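Atoms within each ligand, like the ligands themselves, are counted from 1 in listed order. Side-chain atoms are counted along with the backbone in the values below, which use heavy atoms only and exclude waters and symmetry mates. Only a predicted model underlies this, so the values are computations on that prediction, with no experimental measurement involved.
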Amino acid sequence: MKMVFSSPDTAELELLKNVLLKAGIRAVEVNQQLSQVLPSVPFQAELWVEEVDYTEAAALMAEWQKPSATGTPWVCPRCGEKLENQFSKCWKCGTRRDAVE
Ligand SMILES: [Zn+2]
């Protein structure tokens, strides 16, 4: 098996496990005991999947993390409005983002 995701946030892990399950991928949570064996290591829960499912699972993880990913905000070249990464055009004046580059 292969680790596809790790996080100290078990709620997030649980959510991602469901995302994988919906896609028909069986994911297992690993490592609960680790923090007892090595008390100095911060708790980190992991999601493991079968190797055959790994590529698909990794793609799903990447997809899932995209919206919340801390992308760089951009500034509208026309009106100077500062916009979050997920917006493809300026909400104020309608200038498209790709006009920037
Ligand atoms: Zn604008």
> Would you say Val28 and Met3 are hydrophobically clustered, going by side-chain heavy atoms of ILVMFWY under 4.5 Å?
Replying inline: yes
> Is there a path from Leu15 to Leu21 through hydrophobic residues (I, L, V, M, F, W, Y) whose side chains come within less than 4.5 Å of each other?
Replying inline: no
>> Between Val49 and Arg26, is the side-chain contact (heavy atoms from CB on, under 4.5 Å) condition met? List the steps.
In response: CA-CA 6 Å; Val49 295; Arg26 197 174 59 92; over 6 Å; no
>> Enumerate the salt bridge (Lys or Arg N to Asp or Glu O under 4.0 Å) contacts for residues 73-83, please, sequence neighbours excluded, ordered by first and then second residue.
In response: Glu81-Lys92
> For Ser7 and Glu12, which heavy atoms make the closest approach, and how far apart are they?
Replying inline: OG-OE1, 3.0 Å
>> Ignoring waters, how many N, O or S atoms from the protein are under 2.8 Å from the Zn ion (ligand 1)?
In response: 4
> What residue among Val19, Leu20, Val4 forms side chain to side chain contact (heavy atoms under 4.5 Å, CB included) with Ile25?
Replying inline: Leu20
